[in-house]
Amino acid sequence: MGTRLDREQVVDTALELLNEVGLEGLTLRRIGQELDVRAPALYWHFKNKRDLLDAMATEMLRRMSRAEEFEALLRMTDWRDALAGFHRALRRALLSYRDGAKVYSGTRFTDNSYAETMQVSLRVLVEEGFPPGAAARAFYTVYCYTIGYVIEEQSTTGHPEQGVEGIDLAERERRLADYPLAVAAGPELFGDPEAGFEAGLRAVIAGVEAAVPR
């Protein structure tokens, strides 16, 4: 088995295990057990866990860019649709893995495969009159919103198939009985994550449109 294939196998196994054990439970030792090799053998391919997470995030983005919904972005001409569409696709990709956003956040991609996805999004903005710097800032602003939202979503929303418990709104209401506004915020913050993401996405993109003269 070649070196490249060995590295890919480790990454694929790590992504599969992530849904079982979460980010905290994902160790090189645990991956080695799954592959029936000793953990030191993995250090031929990854210096440490951070190095592995970088490779995992890169593979997550590669898989997203191969999805049909990403292909549809190539045909979008309205910058708002393109910007929203990319980040909807990113959110769905991150949600397909337990702790997916935490894995993805702060990583350094291991190759240039991310550049094509960025090029697609930035090109639509520039063609719509954004200066390149403003296009980059607009993209990054929505990107940071999406990553942050999904980190919180995966931490508070129930995903039983991934071993994640959700927020109990009734228990929360009892605990915060002396804080009626905080209680009233509960259903908005934790009741429908899809609707919440869309509301925030619209607000961020509207802010971008208002802030960048073209």
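Using a 4.5 Å heavy-atom threshold, the side chains of Glu209 and Leu83 count as separate. Contact check for Phe130 versus Val208: side-chain heavy atoms found under the 4.5 Å cut-off. Looking at Leu26 and Asp99, their side chains never come closer than 4.5 Å, going by heavy atoms from C-beta outward. Within the 4.5 Å cutoff, the side chain of Thr156 has no heavy atoms near those of the Leu189 side chain. When side chains are defined from C-beta on, Leu23 counts as touching Leu53, because their heavy atoms get closer than 4.5 Å.
In this structure, Ser96 contributes its side chain and Ala93 its backbone to a donor-acceptor pair below 3.5 Å. A distance-only check finds no donor-acceptor pair linking the side chain of Arg80 to the backbone of Arg202 [under 3.5 Å]. Distance alone, capped at 3.5 Å, places no donor-acceptor pair between the Asn112 side chain and the Ala115 backbone. The main-chain N or O of Leu94 is found under 3.5 Å from a side-chain atom of Gln154 such that the two form a donor-acceptor pair.
Atom CD of Glu59 sits in a crowded spot, with more than 12 heavy atoms from other residues, nucleotides or ligands closer than 6.0 Å. Annotation for Arg66: atom CZ counts as buried by contact number, over 12 foreign heavy atoms lying within 6.0 Å.
Contact between Ile31 and Ala14 at its shortest, heavy atoms only, is CD1-CB, 3.7 Å. Closest heavy-atom contact between Ser65 and Thr117: CB-CG2, 3.7 Å. The two residues Ala177 and Val183 have their closest heavy-atom pair at N-CG2, 4.4 Å. Considering every non-hydrogen atom in both Arg62 and Ser113, the closest pair reads CG-OG, 3.7 Å. Between Asn19 and Tyr97, the closest heavy-atom pair is OD1-CA, 3.1 Å. Closest approach of Gly22 and Arg98 over heavy atoms only: CA-NE, 3.6 Å.
For the side-chain hydrogen bond (donor to acceptor under 3.5 Å, both in side chains) test, residues two or more places apart in sequence or in another chain that qualify with Glu171 are Arg175. Partners of Thr110 according to the side-chain hydrogen bond (donor to acceptor under 3.5 Å, both in side chains) rule, which considers only residues two or more places apart in sequence or in another chain, are Thr58. Phe109 pairs by the ring pair (Phe, Tyr, Trp, His ring centres under 6.0 Å) definition with Tyr104, Tyr114, not counting sequence neighbours. In this structure, Asn48 has no side-chain hydrogen bond (donor to acceptor under 3.5 Å, both in side chains) partners at least two apart in sequence or on a different chain.
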Please set out all donor-acceptor pairs under 3.5 angstrom arising from side-chain atoms of residues 136-151, sequence neighbours excluded.
from: Thr141; atom 1: OG1; to: Arg137; atom 2: O; distance (Å): 2.8
from: Tyr145; atom 1: OH; to: Phe197; atom 2: O; distance (Å): 2.8
from: Tyr145; atom 1: OH; to: Leu201; atom 2: N; distance (Å): 3.4
from: Thr146; atom 1: OG1; to: Val142; atom 2: O; distance (Å): 2.9
from: Tyr149; atom 1: OH; to: Pro193; atom 2: O; distance (Å): 2.6
from: Tyr149; atom 1: OH; to: Phe197; atom 2: N; distance (Å): 3.0

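With rounding to the nearest 0.5 Å, the separation of CD in Glu127 from CG in Asp78 is 12.0 Å. Rounding to the nearest 0.5 angstrom, the gap separating the CG atom in Leu15 from the CG atom in Leu52 is 8.5 Å.
Using a cut-off of 4.0 Å between Lys/Arg side-chain N and Asp/Glu carboxylate O, Asp54 and Arg50 are scored as salt-bridged. Comment: Arg63 engages Asp12 in a salt bridge, judged by a side-chain N to carboxylate O separation of less than 4.0 angstrom.
With hydrophobic clusters built from ILVMFWY side chains whose heavy atoms lie under 4.5 angstrom apart, Leu95 shares a cluster with Val103.
Listed by first then second residue, pairs satisfying side-chain hydrogen bond (donor to acceptor under 3.5 Å, both in side chains) with a partner in residues 188-201 read Arg88-Glu198, Arg91-Glu194, not counting sequence neighbours.
When Leu18, Val10, Asp51 are each tested for a side chain to side chain contact (heavy atoms under 4.5 Å, CB included) with Met56, only one passes: Leu18.
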